[in-house]
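Below you'll find the structure, written out as structure tokens, and then a few comments.
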Number of protein chains: 2
Amino acid sequence: MSAKRAPDADPARSLALLWSSHSRPGRSGLTVRAIIEAAIGIADTEGLDAVSMRQVAERLGVGTMSLYTHVPGKAELTDLMVDTAYGRLYDDVDAPAAQPGGWRGGMEFVAARNWDLYRRHPWMLQAPGGRPVLGPNAVLKYEAELRPLDGVGLSDVEMDSVLALVLTHVEGTARLGASMARAQQDSGMNETEWWTVNAPLLDKVMDASRFPVASRVGEAAGREHQGAADPAHALAFGLARILDGVAALIAGR
Amino acid sequence: MSAKRAPDADPARSLALLWSSHSRPGRSGLTVRAIIEAAIGIADTEGLDAVSMRQVAERLGVGTMSLYTHVPGKAELTDLMVDTAYGRLYDDVDAPAAQPGGWRGGMEFVAARNWDLYRRHPWMLQAPGGRPVLGPNAVLKYEAELRPLDGVGLSDVEMDSVLALVLTHVEGTARLGASMARAQQDSGMNETEWWTVNAPLLDKVMDASRFPVASRVGEAAGREHQGAADPAHALAFGLARILDGVAALIAGR
DNA sequence: ACGTCGTACCGTACAGCGTACGGAACAGTT
DNA sequence: AACTGTTCCGTACGCTGTACGGTACGACGT
């Protein structure tokens, strides 16, 4: 009954690596930093599935097994990739708080930046989630994103909850966007094309009268969004509702 | 430059299979339905990673390649698994709309049911997302979940947006919950244990004075939730804010 | 009753994955 | 110059999804 079944990252190993200095100890110039960067490069252009230890090693001109001198395994490498990507979110810890529009402007900025991050690095959404990362950049991100909420009338626990709510929403809509982009890419059809091709089959097989509300609403939404869903619209609409709800919470004191 | 790189499901094949009758054409009694059920059984108890074609075949007492007579490939099988799981959400199409508390009560019911679904079948959150499923049960789910929102003062497009917002929130918090449960399971420590073990290391390496807000809020939230995060609380808090925001949208007409 | 044909079943094989293991080669210290 | 510790990496194992081709059965026409 060994624990090998689920190849999750060892959190302690990840933690140590994340906070270590990533110095260059090797004689071939191989570095943890370089490994991470190569892996991210592959993931950005070919997706997370294409990131194999062999591919990373080849890109670095190095034997596959040499990677294991610097990194415990693939799961921990993924953790490092994620934290590194977080590092590119904000130039300054005060960027969100410095935004105009108070806490609401700050949260909208946070949402937009995270959205961009996921659009540039869709592989982050495919990364299997073990324990959340907790590297230096993740902590910095947390600090930066909490600051706009400080001193606006929320308790500490509520600040955390509000931020988590916004981030969950962005991640969810970004996931939708990524899967649609992916589907579009490897089917070669965009949303509208795919629907005009497959609509007859669906109409034939699914009796619209059994689903009156669904067919009416689905058609209206499909026309409006030019497809089954519009991630950008979902992001904006949801964020507006969420921030309205938070405003009500703050005002109701 | 073939399209084999990303083994996503062929949507047209999935569609056809999803809406076909799943009759038993074989001489060994092997059925699409049986394959799906076996796969779900494995996924429920051992996770989606453990669902390999060989494992499924073995559970059915059948040669591995026989599965391919009934199912085009693993990606399409995953689509079938998801739609089948959707089928267990509501006994009746009117269950959400029949809930007390108007549209709000309906949405809370929808959220609770989806939450339960993800708790019982966490593998649904690991399923790689190509184009969304669109099987018969998914359509039925869509119909059932839209009905509480019908005739409350929302446009058709807004009904779709509100539902998507709620579902995205539930899925996101459920994902958090699943990853925490998984981390807890294969580390053998619960949240509090893990934190008391690893807190010293983190304290040593991370300078709390650089992250004043994060450390203050993080500590408060950690104490409140007895861990890094509390998925159930995140679900309730977020849902309340979201529905408040939707109420404001409806009232502001 | 018997040949014929379509198709369900499945054994073998291949390319790719993560990584355990052990040997070789080099750096630094004594 | 010899020893020691670390870095580098070739080989091998068990696993994955599935392409291909052979076999054997059920049904149907005569």
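Values in this document were obtained by computation on a predicted structure and should not be read as measured data. Note on naming: letters A, B, ... go to the chains in the order of the sequence lines (proteins, then strands), and numbering restarts at 1 for each one. The figures that follow rest on heavy atoms only: side chains count, while hydrogens, waters and symmetry mates do not.
- Within residues 57-67 of chain B, the residues that have a heavy atom under 4.0 Å from DNA chain C are, in order of number, Val62(B), Gly63(B), Met65(B), Ser66(B).
- Every stem involving DNA chain D, taken as at least 3 paired positions in a row under the Watson-Crick or G-U wobble test at 3.5 Å, is listed here: C:1-30 with D:1-30.
- One finds a salt bridge joining Arg119(A) and Asp116(A) here, because a Lys/Arg side-chain nitrogen approaches an Asp/Glu carboxylate oxygen to under 4.0 Å.
- Taking Asp203(B) as the reference, nothing meets the side chain to side chain donor-acceptor pair (under 3.5 Å) condition, with sequence neighbours excluded.
- Scored by the salt bridge (Lys or Arg N to Asp or Glu O under 4.0 Å) test, Arg54(A) finds no partners at all (sequence neighbours excluded).
- Distance, Tyr68(B) OH to dG21(D) P: 17 Å, rounded to whole Å.
- For the contact set between residues 28-44 of chain B and DNA chain D, defined by any heavy atom under 4.0 Å, there are no members.
- Counting to the nearest Å, the P atom of dC17(C) and the CG atom of Leu48(A) are 13 Å from each other.
- Residues satisfying the salt bridge (Lys or Arg N to Asp or Glu O under 4.0 Å) criterion with Arg88(B), sequence neighbours excluded, are Glu37(B).
- DNA chain C lies under 4.0 Å from at least one heavy atom of each of the following residues of residues 69-82 of chain B: Thr69(B), His70(B).
- Ion pair Arg182(B)/Asp8(A) flagged as a salt bridge, since at least one NZ, NE, NH1 or NH2 atom sits closer than 4.0 Å to an Asp/Glu carboxylate oxygen.
- Arg175(A) pairs by the salt bridge (Lys or Arg N to Asp or Glu O under 4.0 Å) definition with Glu171(A), not counting sequence neighbours.
- The side chain to side chain contact (heavy atoms under 4.5 Å, CB included) check on Ala164(A) picks up nothing, with sequence neighbours excluded.
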**Report entry** CA sep, side-chain torsions, deciding dist, call: Gln226(A), Asn190(A), side chain to side chain donor-acceptor pair (under 3.5 Å)
**Finding:** CA-CA 10 Å; Gln226(A) 310 243 62; Asn190(A) 64 29; over 6 Å; no

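- Taking the charged nitrogens against the carboxylate oxygens, Asp83(A) and Arg33(A) have no contact shorter than 4.0 Å, which rules out a salt bridge.
- Ser14(B) pairs by the side chain to side chain donor-acceptor pair (under 3.5 Å) definition with Asp79(B), not counting sequence neighbours.
- Put simply, the side chain of Arg27(A) and the base of dA27(C) share no donor and acceptor less than 3.5 Å apart.
- In this view, Glu58(A) satisfies the salt bridge (Lys or Arg N to Asp or Glu O under 4.0 Å) rule with no residue, not counting sequence neighbours.
- Residue Thr78(A) holds its OG1 atom at 8.5 Å from CH2 of Trp123(A), rounded to the nearest 0.5 Å.
- Atom CE in Met53(B) sits about 19 Å away from atom P in dT12(C), given to the nearest Å.
- Atom CG of Asp49(A) is separated from atom P of dG18(C) by 11 Å (rounded to the nearest Å).
- Among the atoms of the strands shown, only primed sugar atoms or phosphate atoms (P, OP1, OP2) are found under 4.0 Å from some heavy atom of Val51(B).
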For residues 67-75 of chain B, dump all side-chain donor-acceptor pairs below 3.5 Å to protein atoms at least two apart in sequence or in another chain.
from, atom 1, to, atom 2, distance (Å)
Thr69(B), OG1, Ser66(B), O, 3.3
Lys74(B), NZ, Val51(B), O, 2.7

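- Side-chain atoms of Arg54(A) and base atoms of dG18(C) include a donor and an acceptor less than 3.5 Å apart.
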